[in-house]
2 protein chains.
Amino acid sequence: MSALRLLDDLSHAAPAAQWLDTILKGDCVAALERLPEKSVDVIFADPPYNLQLDGDLHRPDQSKVDAVDDAWDQFESFAAYDAFTRAWLLAARRVLKPNGTIWVIGSYHNIFRVGATMQDLGFWILNDVVWRKTNPMPNFRGRRFQNAHETMIWASRDAKAKSYTFNYEAMKAANDDVQMRSDWLFPICTGAERLKDENGAKVHPTQKPEALLARVLLSSSKPGDVVLDPFFGSGTTGAVAKRLGRHFVGVEREQAYIDAALDRISAVRPLGEAELSVMTSKRAEPRVAFVSLLDSGLMKPGATLYDAKRRWSARVRADGTLTSDAVSGSIHKVGAAVQGLDACNGWTFWHYERNGGLNPIDDLRRIARLGMERSGA
Amino acid sequence: MSALRLLDDLSHAAPAAQWLDTILKGDCVAALERLPEKSVDVIFADPPYNLQLDGDLHRPDQSKVDAVDDAWDQFESFAAYDAFTRAWLLAARRVLKPNGTIWVIGSYHNIFRVGATMQDLGFWILNDVVWRKTNPMPNFRGRRFQNAHETMIWASRDAKAKSYTFNYEAMKAANDDVQMRSDWLFPICTGAERLKDENGAKVHPTQKPEALLARVLLSSSKPGDVVLDPFFGSGTTGAVAKRLGRHFVGVEREQAYIDAALDRISAVRPLGEAELSVMTSKRAEPRVAFVSLLDSGLMKPGATLYDAKRRWSARVRADGTLTSDAVSGSIHKVGAAVQGLDACNGWTFWHYERNGGLNPIDDLRRIARLGMERSGA
DNA sequence: TCTTCCTGTGAATCGGATG
DNA sequence: CCATCCGATTCACAGGAAG
């Protein structure tokens, strides 16, 4: 792999060697226009999400949430964001090879506008892929569901492009020999992987995990391919591309991000061919919610549960909570309350009746989990 | 619940009893315009996905996949689909109560256009929720990831609407006492739940599972609420609404779907109140003023309160305020001030002494509330 | 050394009643 | 409309301190 360079001025279409494995500094559209058309195999784009935040948010302990309030994420209106989106997507499409594909990641704030614009410009959506976070930030006010995922759109340059790269067999092999699904489970970027400045503050507010980029590139690119990231940020795309034997090109406006990315990428050592071919993924043991036993029919609303010695009982309600004489709540809360204890594992405490005998509801959880594992949950 | 009826003609705004728990036959927009404005609490919409299928798809064994190729799913262009989407969303928004919410489900073929249109019309997205399928159809050609999920958008009528229904406590209790996430796992609708005609063919190509609708309605509606489904199809929304003690209104064009839905819903037996009751949050409990603890003798003027670790203390004054070294005021103000914070919940922060131990004054509030219930206050 | 406790934090569109 | 006040609300990890 060639040495890392930063190109400040690239006023004409350069031979490949000049801009490969570099970061182009400047505005996204202007920089892309300096690249030759049909020159990159894969694009991964993590554009501003256009979060529309209003005032501060505090945790229950009154600490303030460090929100994304950077200038680059501010747009005047949906129309302004749409114009921005259309412009960079057009510029990106020009440099994409006819059989190349593009990935764009976003949240509900922006992904619908991005997806519609992509379709309008002629991109052909191949999949939307959900990144399920193992450790998302909670919803502190209890007013919505915990926002636990982000969405990626994977698209080819146009509907007729049929020869795009998709490493189907590799994905299947990495997924215990069943097809890779459109929902992926990864932790957010924390710990040693998260870039910090000298004060310990995060360098970039939205650094993506390398595992996510690795699956993206392993699924949709080949060794030696050119990967473009028009919103390079802290350089996750470049680091993973280099590690996996792909070339990268980044575009970034902020010098601080560029400096951090160059440092980071220069420390990356590419994998050998042997390692590249055996990369597989692990899966965490799935959590089973009690309510899912109702959903699957393993348990019925109105059913009565007992402790092992039939000293207490409770009825199952439609929303997955229990109710006894005195209290209502989760299987754990009600189990604790009837015994007068602070805590209780409802899965082992409560039993259901079958053939006159009592079985712990944990047996049903085990059955549910088998179903989930079979289905790649 | 009233008997099921089918209204063919509803030429003027009818009293509630006339259109509740019925199916309006006809075009979606025209039918919605016959309903009174601001009359429904929740909308669940499963609009045509605008699948753009090109030729037949065969399984590896050469059997043909029974694709969604119905006339109602055909649109000339993205623009035509957008116009259709805009029209029905506008009509739906008119009949939605100001604090009502709307759910729309779709796939990558249409959900981005739907979401962008919703934002353009002023809907305020609360969450996007992913339905992860335990048993999705495989990708037979091996050219993409297995399309294993669909996306639902949950939105309020506009950004200012803050008082929408979200049964946070119920969702949390049903999910092992942790917040319900934005990714839900359910099987697709199969087996006995799937409606079949006399030939054993499926009645509707995209029948949704009742478990999915149950979670939607349990999370975002209350018993007695009115649930509108403008693309009623085989009536899953109506069946689940009736079972959960909600009213429904459906709109459907095709008589075959209406017949099947009426049959299906009439066989549904509503759950009893005990199974339906939902976890309540503290927010819904009656307010207790701290001074009322003095009035009832649960707290004495001059008593000393401490935080849980006895780092700070304050004395109770006869008017129900606290006073510490530096500040005086409400239990909340003084609690915040001694800690140097902007805000504090005095009920959980301050503790009183009993038998040498410390108990939160929230315990006394609970006792006061019990007294209020007994006396019917 | 090992375990337990405590603190910090991540792409966040995160009140409601009363006057 | 606005201002003021009450008081409800967090999950999974990482890292360091304490026992």
Side-chain angles (χ1 to χ4, degrees), chain A residues 46-70 72-75 78 81 105-111 131 133-151 187-194 196 200-202 204-209 231 233 284 287, chain B residues 99 119 123-128 155-156 158-164 166 168-169 172 175-182 281-290 309 329-333 335-336 341-350 361-362 365:
Chain A
D46 184 10
Y49 285 11
N50 189 27
L51 301 186
Q52 292 157 63
L53 306 177
D54 182 28
D56 291 341
L57 177 65
H58 293 88
R59 297 185 172 82
D61 66 3
Q62 302 301 326
S63 66
K64 183 164 167 268
V65 174
D66 182 20
V68 177
D69 54 0
D70 305 71
W72 49 254
D73 199 47
Q74 307 296 320
F75 293 84
F78 281 136
Y81 186 79
I105 186 168
S107 66
Y108 65 85
H109 310 85
N110 71 322
I111 197 64
W131 168 27
K133 303 179 183 184
T134 60
N135 49 349
M137 193 187 297
N139 183 291
F140 293 115
R141 301 302 293 264
R143 298 291 300 148
R144 306 178 176 195
F145 298 100
Q146 182 182 31
N147 189 11
H149 74 275
E150 295 189 25
T151 301
I188 62 175
C189 183
T190 59
E193 187 184 324
R194 187 88 196 212
K196 304 278 173 60
K202 57 193 176 196
H204 194 283
T206 70
Q207 184 180 338
K208 295 292 176 289
F231 305 96
R287 171 192 290 273
Chain B
N99 282 313
Q119 292 180 310
F123 288 106
W124 192 247
I125 299 180
L126 300 168
N127 280 113
D128 59 334
S156 61
D158 54 74
K160 296 182 302 297
K162 301 285 189 189
S163 302
Y164 56 86
F166 178 54
Y168 173 77
E169 293 290 343
K172 181 173 173 177
N175 192 41
D176 267 21
D177 288 325
V178 292
Q179 298 185 333
M180 187 68 79
R181 295 166 48 109
S182 56
S281 71
K282 286 187 182 175
R283 275 186 266 263
E285 292 176 11
R287 171 166 299 197
V288 174
F290 180 68
K309 295 182 179 173
S330 73
I331 54 173
H332 315 294
K333 281 275 170 60
L341 297 176
D342 287 338
C344 166
N345 183 341
W347 289 108
T348 51
F349 177 74
W350 292 112
I361 59 174
D362 209 26
R365 179 167 64 162

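Being a predicted model, the structure only gives us computed values, none of them experimental. To find a chain, count down the sequence lines: A is the first, B the second, and so on, and within it residues start at 1.
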Between dT9(D), dT10(D), dG10(C), spot the one nearest the side chain of D66(A), thanks. dG10(C)
Remember a base hit wins even if backbone is also touched, and classify I125(B) as base, sugar-phosphate or nothing at under 4.0 Å, heavy atoms. base
Ignoring backbone atoms, establish whether R143(A) has a side-chain N or O less than 4.0 Å from OP1 or OP2 of dG16(C). yes
Among dA8(D), dC11(D), dA11(C), the nucleotide that comes nearest once only the side chain of E150(A) is considered: dA11(C)
How close do N135(A) and I188(A) get, counting heavy atoms only, and between which atoms? OD1-N, 2.9 Å
The side chain of R283(B) lies closest to which of these nucleotides: dG10(C), dA8(D), dC5(D)? dA8(D)
Please report the distance separating the C1' of dC14(C) from the corresponding atom of dG7(D), rounded so that it comes out in whole Å. 16 Å
When we call it a touch if two heavy atoms are under 4.0 Å apart, what does P136(A) touch: a base, just sugar-phosphate, or nothing? base
Among the candidates dA11(C), dG7(D), dC6(D), find the nucleotide nearest to the side-chain atoms of Y49(A). dA11(C)
Validation row: N139(A), F145(A) side chains within 4.5 angstrom (heavy atoms): no
Which residue is it: I111(A), N110(A), I105(A)? I am looking for the one with a side chain to side chain contact (heavy atoms under 4.5 Å, CB included) to S107(A). N110(A)
Among dC11(D), dG15(C), dG7(D), find the nucleotide with the atom closest to the side chain of A343(B). dG7(D)
Determine the contact category for T206(A): base if any of its heavy atoms lies under 4.0 Å from a base atom, sugar-phosphate if only primed atoms, P, OP1 or OP2 are that close, otherwise nothing. base
What are the two closest non-hydrogen atoms of N50(A) and H109(A), and how far apart are they? O-CB, 4.3 Å
What contact category does R141(A) fall into here, base, sugar-phosphate, or nothing, at under 4.0 angstrom with non-hydrogen atoms? base
dG10(C) C1' sits how many Å from K202(A) NZ, rounded? 6 Å
Report yes if a side-chain nitrogen or oxygen of S163(B) is closer than 4.0 Å to either non-bridging phosphate oxygen (OP1 or OP2) of dG16(C); otherwise report no. yes
State, yes or no, whether a side-chain contact exists between R365(B) and E285(B) at a heavy-atom distance under 4.5 Å. no
Provide the distance between the two C1' atoms, one in dG15(D) and one in dA11(C), to the nearest whole Å. 23 Å
Looking only at dC14(C), dT9(D), dA11(C), the nucleotide nearest the W124(B) side chain is dC14(C)
Between the base of dA11(C) and the side chain of K208(A), is there a donor-acceptor distance below 3.5 Å? yes
The residue, Q146(A) or A192(A), whose nearest nucleotide of DNA chain D is more 5′ is Q146(A)
Using a heavy-atom cut-off of under 4.0 Å over every strand shown, decide if E193(A) touches base, sugar-phosphate, or nothing. nothing
Base, sugar-phosphate or nothing for S330(B)? Non-hydrogen atoms, less than 4.0 Å. sugar-phosphate
No-H, no-angle donor-acceptor pair, R59(A) side chain to dG10(C) base, under 3.5 Å: yes
Nucleotide of dT10(D), dC14(C), dA12(C) approaching V68(A) most closely (side-chain heavy atoms): dA12(C)
Strictly below 4.0 Å: does Y168(B) bring a side-chain N or O up to OP1 or OP2 of dG15(C)? no
Between dT9(C) (C1') and K64(A) (NZ): distance, integer Å: 13 Å
Give none if dG19(C) has no partner; otherwise give the nucleotide forming a Watson-Crick or G-U wobble pair with it, both distances under 3.5 Å. dC2(D)
By nearest atom, which of the nucleotides dG7(D), dA11(C), dA8(D) is closest to the K282(B) side chain? dA8(D)
Pick base, sugar-phosphate or nothing for D56(A), based on heavy-atom distances below 4.0 Å to the nucleic acid. base
Write down the atom of K208(A), the atom of T206(A), and the distance for their closest heavy-atom approach. NZ-O, 2.9 Å
Have a look at P47(A) and say if it touches a base, only the backbone sugar-phosphate, or nothing, with a 4.0 Å heavy-atom cut-off. base
Using a heavy-atom cut-off of 4.0 Å across all strands, would you classify G200(A) as base, sugar-phosphate, or nothing? nothing
Using a cut-off of 4.0 Å on non-hydrogen atoms, how would the nucleic acid contact of R181(B) be classed: base, sugar-phosphate, or nothing? nothing
Euclidean distance, atom CG of residue N139(A) to atom C1' of dA12(C) [Å, nearest integer]: 8 Å
Selected nucleotide, minimal atom distance to K162(B) side chain, candidates dC14(C), dA8(D), dA12(D): dC14(C)
Distance, rounded to the nearest Å, where D128(B) contributes CG and dA11(C) contributes P: 16 Å
H332(B) side-chain N/O to dG7(D) phosphate OP1/OP2 under 4.0 Å: yes
Against the side chain of H109(A), the closest entry in dT9(D), dA12(C), dT10(D) is dA12(C)
Could you check which nucleotide pairs with dC14(C) in any of the strands shown, counting Watson-Crick or G-U wobble with both distances under 3.5 Å? none
5′-ward residue of the pair K172(B)/C344(B) relative to DNA chain D: C344(B)
Between dT9(C) and dT9(D) - P atom distance, rounded Å: 24 Å
Take the protein atom CE of M180(B) and the nucleotide atom C1' of dT9(D), then report the distance between them rounded to whole Å. 18 Å
In terms of heavy-atom contacts, Q179(B) and Q146(A) come closest through OE1-CB, 3.5 Å
Could you pick out which residue, G142(A) or L51(A), lies toward the 5' side of DNA chain C when each is mapped onto its nearest nucleotide? L51(A)
Please report, rounded to the nearest Å, how far the P atom of dC14(C) is from the CG atom of D54(A). 7 Å
N/O donor-acceptor pair, side chain D46(A) with base dA11(C), under 3.5 angstrom: yes
Need one value for E285(B): base, sugar-phosphate or nothing, where a base atom within 4.0 Å counts as base even if backbone is also close, heavy atoms only. nothing
Return the value, rounded to whole Å, for the distance between atom NZ of K133(A) and atom P of dC11(D). 16 Å
Pick the C1' atom in dG19(D) and in dT1(C), then give their distance to the nearest Å. 12 Å
Interatomic distance, N147(A) CG vs dA11(C) P [rounded to whole Å]: 11 Å
Check this for me, if you would: do K133(A) and E150(A) make a salt bridge, where the nitrogen-to-carboxylate-oxygen distance has to be below 4.0 angstrom? yes
Within 45 degrees of the axis of the six-membered ring of Y164(B) and under 6.0 Å from its centre: does R143(A) put its NZ or CZ there? yes
